[in-house]
Amino acid sequence: MRIHYLLVIVMLSSLSFAGTSETQSSDTRTKITLTTTEKDFVLERMRRMLETLTAIQISLAQESPEKVDDSVMLMLQFSKENHPTGLHQLLPEGFKQMSQVMNQSWKTLANEITDPKVIQKEIVSIMTTCNACHRSYRIE
């Protein structure tokens, strides 16, 4: 089921990319309008996800996959403690679906996974979702 969602996300991302031309300068992504607090949270969460992905790659390069869950848990803890009330209801359905796919990968990584191949598979899932989301939506 998760692979199905991932394939749909990749296909939608590819379709939106194929429809743009180099001469087109307008941003055709779906606009998500948030309050300053909501926007700050979403942007900070994205930064922390990127930093966590970097920390995971460092752990793998140092052959220390047992450190992966610690990095992921810190990011998930930030999200849980700082998530603005009602934010989820403001987001478009497609955004929420991508978020669910991504959150499942983060949860998998938080479960003390030490197999580098499994870790890499989850990283690919997360990054594919990030790319599709950034191609489809813009936060304002």
His83: ring pair (Phe, Tyr, Trp, His ring centres under 6.0 Å) partners, not counting sequence neighbours: Phe41

Out of curiosity, [X] [atom1] to [Y] [atom2], how far, rounded to the nearest 0.5 Å?
X	Y	atom1	atom2	value
Leu76	Lys80	CG	NZ	10.0 Å
Ile56	Asp70	CD1	CG	11.0 Å
Ser79	Asn103	OG	CG	7.5 Å
Cys133	Arg29	SG	CZ	9.5 Å

Flag yes if [X] and [Y] sit in one hydrophobic cluster, no otherwise; membership is Ile, Leu, Val, Met, Phe, Trp, Tyr, and two members link when side-chain heavy atoms are under 4.5 Å apart.
X	Y	result
Leu50	Ile139	no
Leu53	Leu43	yes
Met102	Met46	yes

Option among His134, Glu140, Arg135 that satisfies the side chain to side chain contact (heavy atoms under 4.5 Å, CB included) test with Arg138: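 Only one of His134, Glu140, Arg135 forms a side chain to side chain contact (heavy atoms under 4.5 Å, CB included) with Arg138, namely Glu140.
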
Partner of Ile126 by side chain to side chain contact (heavy atoms under 4.5 Å, CB included), out of Leu109, Thr108, Val101: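 That would be Leu109.
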
Worked check of side-chain contact (heavy atoms from CB on, under 4.5 Å) between Asp40 and Glu44: CA-CA 6 Å; Asp40 288 348; Glu44 180 62 26; over 6 Å; no

For [X], all residues meeting side-chain hydrogen bond (donor to acceptor under 3.5 Å, both in side chains), sequence neighbours excluded:
X	result
Thr35	Glu38
Thr114	none
Glu81	Gln77

For the student: nearest non-hydrogen atoms of Gln57 and Gln120, plus distance: NE2-OE1, 3.4 Å

Closest non-hydrogen atom pair, Lys107 against Asn111: O-ND2, 3.1 Å

A side-chain contact here means heavy atoms from C-beta on lying under 4.5 Å apart; do [X] and [Y] qualify?
X	Y	value
Gln104	Gln100	no
Met98	Ser136	yes
Ile113	Glu122	no
Leu87	Val42	yes
Ile32	Leu91	yes
Met75	Arg47	no
Thr52	Trp106	yes
Val124	Lys121	no

Ionic contact status for Asp115 with Lys117, cut-off 4.0 Å: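 No salt bridge links Lys117 with Asp115.
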
Residues that Glu112 engages under salt bridge (Lys or Arg N to Asp or Glu O under 4.0 Å), provided they are two or more places apart: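 Listed in chain order: nothing, the list is empty.
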
Set of salt bridge (Lys or Arg N to Asp or Glu O under 4.0 Å) partners for Arg45, sequence neighbours left out: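 Result, salt bridge (Lys or Arg N to Asp or Glu O under 4.0 Å) vs Arg45: none returned.
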
Met49 vs Met127, side-chain contact (heavy atoms from CB on, under 4.5 Å): CA-CA, chis, key distance, verdict: CA-CA 10 Å; Met49 284 191 280; Met127 293 304 299; over 6 Å; no

CD/Glu93: more than 12 non-hydrogen atoms of other groups inside 6.0 Å: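 Yes.
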
